[in-house]
Each structure stands twice: as C-alpha cells, then as structure tokens.
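Scroll down for the structure; my scribbles are underneath it.
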Amino acid sequence: MTASDRAATGAELWAWREKALAEAQAAGVDADEVDWLLMAVADVERLSLRLGTVHQRSQITLRYSLAELERRWQQRLTERTPVQYLVGETPWRDLMLTVSPAVLIPRPETELIIDLAEAAIARSPLRDQLAQGIWVDMGTGSGAIALGLAQTFPSARILAVDFSAEALAIAQGNADRAGLQNCIAFYNGSWFEPLTSYRGQLSAIVSNPPYIPSALLPTLQPEVINHEPASALDGGDDGLDDLRLLAAQAPKYLVPGGLWLVEMMTGQGEAVASLLEAQGGYRDIQICLDLAGRDRFVQAIYAPKL
C-alpha cells in the first residue's frame, strides 16, 4: 500500500464520520467510538472532530486506507467486534497497550487497583520493605496491572504470570512498548505453578482473575462473550473458583505483612471477604468500592499466626 492509499482529504474523512455516526446510532453503538476509531487510525485530534475543522484539511494521513477503515467499522457494527481489537490497542492509565482477542481488554475501573495497592503500602509499617520486594500480577493478560505496578513501585521486582503463551507475548510486547521490560519477569503457567521458587518471598499478590459465574456468560454483551477470551471471564459455577484458589494458595507465598488484592464482580465482596476469613491468616480485610460506588475489590494483609 502506498502513502497515497493511506491518505484522505478532510472532506472525505468528515463525510465518512457523518455516515458512521448515523450508523452507530441505528445500531445502538456508542457514538463516541467513531471518534475513538478515527483518532486511533488517523492524524486527527478530538477538538478538530468536535469543531468540524478537520473538514478543512487538504490531506490527512491514515494508518490504512479509507476502504479498510470502512471494512473495520462494518465489522464493529455487524459482528460487534470491540473497537479496541479493530485498532489493536487501548489506553489504560497513562499507557497505550496492544490488545488482541488473546487478552481481555483492560477496563478503566481496573485502573483503581494500582491506586489501592499504592495506598495500602503507604499505610503499612513495612512500606519500604514491601515497596522494594517481589510483586506478582496473577493472570496478567495484556500486562496492564504489571505495568502499572512497575510504574508505581520502581524499586520492586514485578512478576507477571499467565497460562496463555499468546497473552504473555502481548504482555511482554507492552512492557517493551512502555520501556519497562527490565522491571518485569514473565512466567507461563497456571496461577502459582511457575512460582514455586518464590514461596514465602512475595510482598504482594495482585490479580484481576476470571469471576463471572458460568451461567451468566451467555448474558454478557456480544462484544464480550463473542470476542474476549472465555478463559479470562469464566469463574466457575459461583464465579469464585479462581478467587478461592488465590485466597487458599497465597499464604504459602506471601511474606508476613504482604498484600493480597483482587478485583471481582460487583456483588461478590462479602463472599470474597468470607473466603479470606475462613482461610485464616488474613487481617484488615477490606471491601473497596470503584468510582461508581460498587464493590469491586477486596484487599487484605497476610498475618500468619506465630
């Protein structure tokens, strides 16, 4: 494809936008996705789209042709493919992450897990020790949480674990993209299986595991159930299979005073807190809300009985 094939006039792009906005409304797709897609594939800014000044530009460079843009947009409308997969990337915190159907698309609400981790360590009497210790992002997927932890705790060693080799390759690519490749070690395997050499050494275990009850999967939006990896969604009969494993196995790996922090589905807070209570060895168990006021995270401190 030549450079001229990957260019359009402002008038052409504006006409495409007007058509796409009408199609989005008719299909029940968020109209903001049209501009999100345009900004991802074309040399345009949000303000110029909102004000209409893009119409005046004689030439605009695109990542691919206008015909390919149209093909991908129709895929969004007819197949309900998430726009993040169509452009191959998504913003998360201050990062731009590569994504594909091999990984769950990082959600904005998950961004808060990094802030919760930072606040928990700031409150800890062992904060210096923990902040310089070994952290693990269990089920790293795109690597979003591992990267956020590496940015927030630059003196820590971050481990990123995923059973999917394809997902792990994307996470490693995102670490390279963010310049954080030397801060994170990647391990392929199921949960704690590849980490036996780290028993009793982890300062924190952070995870956004599968937590959707199996029976609810068919009720999810087609963008989710038809395109995102089911293995990253399905939490078993009650949605707690992997959360239960993390609660049970973590005491073998955490240092005394270490942090246990997970994301879960709204409404699971009391159940997850009860798992930790029943397991024993945890204190300061807290259900944390997201920015919409819904229970979204549970955190605890590992405190073994001496």
Side-chain angles (χ1 to χ4, degrees), residues 1 6 13 16-17 19-21 23-44 46 49 61-111 137 139-148 160 162-178 186 208-212 216-235 263 265:
M1 183 182 297
R6 291 185 289 105
L13 210 59
W16 183 89
R17 178 181 183 267
K19 179 187 76 71
L21 285 171
E23 291 173 337
Q25 183 176 14
V29 171
D30 188 345
D32 285 343
E33 291 192 20
V34 175
D35 285 354
W36 198 95
L37 180 59
L38 280 173
M39 288 186 293
V41 306
D43 178 25
V44 294
R46 184 179 299 276
L49 291 169
T61 301
L62 307 177
R63 279 171 53 181
Y64 30 71
S65 69
L66 201 57
E68 177 64 13
L69 173 63
E70 172 63 13
R71 187 190 71 78
R72 296 190 185 208
W73 175 243
Q74 291 304 317
Q75 192 177 346
R76 174 73 187 97
L77 296 175
T78 60
E79 300 177 24
R80 310 303 280 198
T81 305
V83 68
Q84 294 93 333
Y85 289 156
L86 293 177
V87 299
E89 62 184 19
T90 190
W92 195 80
R93 288 178 71 88
D94 62 346
L95 299 163
M96 184 61 73
L97 302 177
T98 298
V99 292
S100 84
V103 299
L104 199 70
I105 298 167
R107 269 51 174 187
E109 55 265 29
T110 304
E111 296 181 7
D137 171 18
T140 193
S142 66
I145 290 175
L147 293 172
D162 206 289
F163 78 96
S164 166
E166 193 175 356
L168 212 59
I170 290 174
Q172 288 178 298
N174 280 324
D176 292 343
R177 184 175 183 177
F186 296 89
N208 179 17
Y211 50 67
I212 306 295
L216 291 183
L217 292 177
T219 71
L220 299 177
Q221 293 176 315
E223 287 85 348
V224 177
I225 191 57
N226 293 339
H227 297 281
E228 299 198 67
S231 59
L233 300 167
D234 192 345
E263 181 173 336
M265 187 174 75

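In this chain, numbering begins with 1 at the start of the sequence shown.
No more than 12 heavy atoms of other residues, nucleotides or ligands shown are found within 6.0 angstrom of CD on Gln25. Remark: Glu70 CD is packed, more than 12 non-hydrogen atoms of other residues, nucleotides or ligands lying under 6.0 Å away.
Proximity of Thr110 to Trp92: side-chain heavy atoms (C-beta onward) are separated by under 4.5 Å at one or more points. Annotation: side chain of Leu220 is not in contact with side chain of Leu216 (no heavy-atom distance under 4.5 Å). At least one side-chain heavy atom of Val224 sits less than 4.5 Å from a side-chain heavy atom of Leu233. Using a 4.5 Å heavy-atom threshold, the side chains of Ser142 and Leu104 count as separate. For the pair Trp73/Val34, a side-chain contact is recorded, criterion being any heavy-atom separation below 4.5 Å from C-beta on.
Heavy-atom minimum distance, Met39 versus Val44: CG-O, 3.8 Å. Minimum interatomic distance between Thr140 and Ala171 (heavy atoms only, all atoms of both residues): CG2-CB, 4.1 Å. Residues His227 and Tyr85 approach most closely at O-CE1, 3.7 Å, considering heavy atoms. Heavy-atom minimum distance, Ala31 versus Leu21: O-CD2, 3.7 Å.
Every residue two or more places apart in sequence or in another chain was checked for a salt bridge (charged side-chain N to carboxylate O under 4.0 Å, His left out) with Arg46, and none qualifies.
Here the CG-CG distance, from Leu38 to Leu69, works out to 6.0 Å after rounding to the nearest 0.5 Å. The structure places CG of Leu62 at 6.0 Å from CG of Leu13, a figure rounded to the nearest 0.5 Å. Rounding to the nearest 0.5 Å places CG of Leu147 at 8.5 Å from CG of Asp137. Note: Thr219 OG1 to Ile225 CD1 = 8.5 Å, rounded to the nearest 0.5 Å. Atom CD of residue Gln172 and atom CG of residue Asp176 lie 7.5 Å apart, to the nearest 0.5 angstrom. Glu111 CD to Asp94 CG: the interatomic distance, rounded to the nearest 0.5 Å, is 9.0 Å.
A salt bridge is defined here as a Lys NZ or Arg NE, NH1 or NH2 lying under 4.0 Å from an Asp or Glu carboxylate O, and Glu223 with Arg80 meets this definition. Ion pairing between a basic and an acidic side chain is recognised when a charged N comes within 4.0 Å of a carboxylate O; Arg107 and Glu263 show no such pairing.
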- Task: Any chance you could lay out the side chain to side chain contact (heavy atoms under 4.5 Å, CB included) test for Asn226 and Glu79, step after step, and finish with the verdict?
- Result: CA-CA 9 Å; Asn226 293 339; Glu79 300 177 24; over 6 Å; no
- Message: Please determine whether side chain to side chain contact (heavy atoms under 4.5 Å, CB included) holds for the pair Leu37 and Val87, giving the CA-CA distance in whole Å, both sets of side-chain angles, and the decisive distance to 0.1 Å.
- Response: CA-CA 7 Å; Leu37 180 59; Val87 299; 3.2 Å; yes
- Task: Show the numbers, then the answer: is there a side chain to side chain contact (heavy atoms under 4.5 Å, CB included) between Val83 and Val29?
- Result: CA-CA 10 Å; Val83 68; Val29 171; over 6 Å; no
- May I have the step-by-step check of side chain to side chain contact (heavy atoms under 4.5 Å, CB included) for Ser231 and Phe163, ending in yes or no? CA-CA 10 Å; Ser231 59; Phe163 78 96; 3.5 Å; yes
- Task: Apply the test salt bridge (charged side-chain N to carboxylate O under 4.0 Å, His left out) to residues Arg63 and Glu68: give CA-CA distance (whole Å), side-chain angles for both, the deciding distance (0.1 Å), then the verdict.
- Result: CA-CA 10 Å; Arg63 279 171 53 181; Glu68 177 64 13; over 6 Å; no
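Cation-pi check for Arg72 over Tyr64 is met; the charged atom lies under 6.0 angstrom from the ring centroid and within 45 degrees of its normal.
For the residue pair Gln84 / Trp36, no side-chain donor-acceptor distance below 3.5 Å is found, with atom types taken as modelled.
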Show me the side-chain donor-acceptor pairs of residues 95-103 shorter than 3.5 Å, one per line, residues at least two apart or across chains.
residue: Thr98; atom: OG1; partner: Arg177; partner atom: NH1; Å: 2.9
residue: Ser100; atom: OG; partner: Ala102; partner atom: N; Å: 3.1

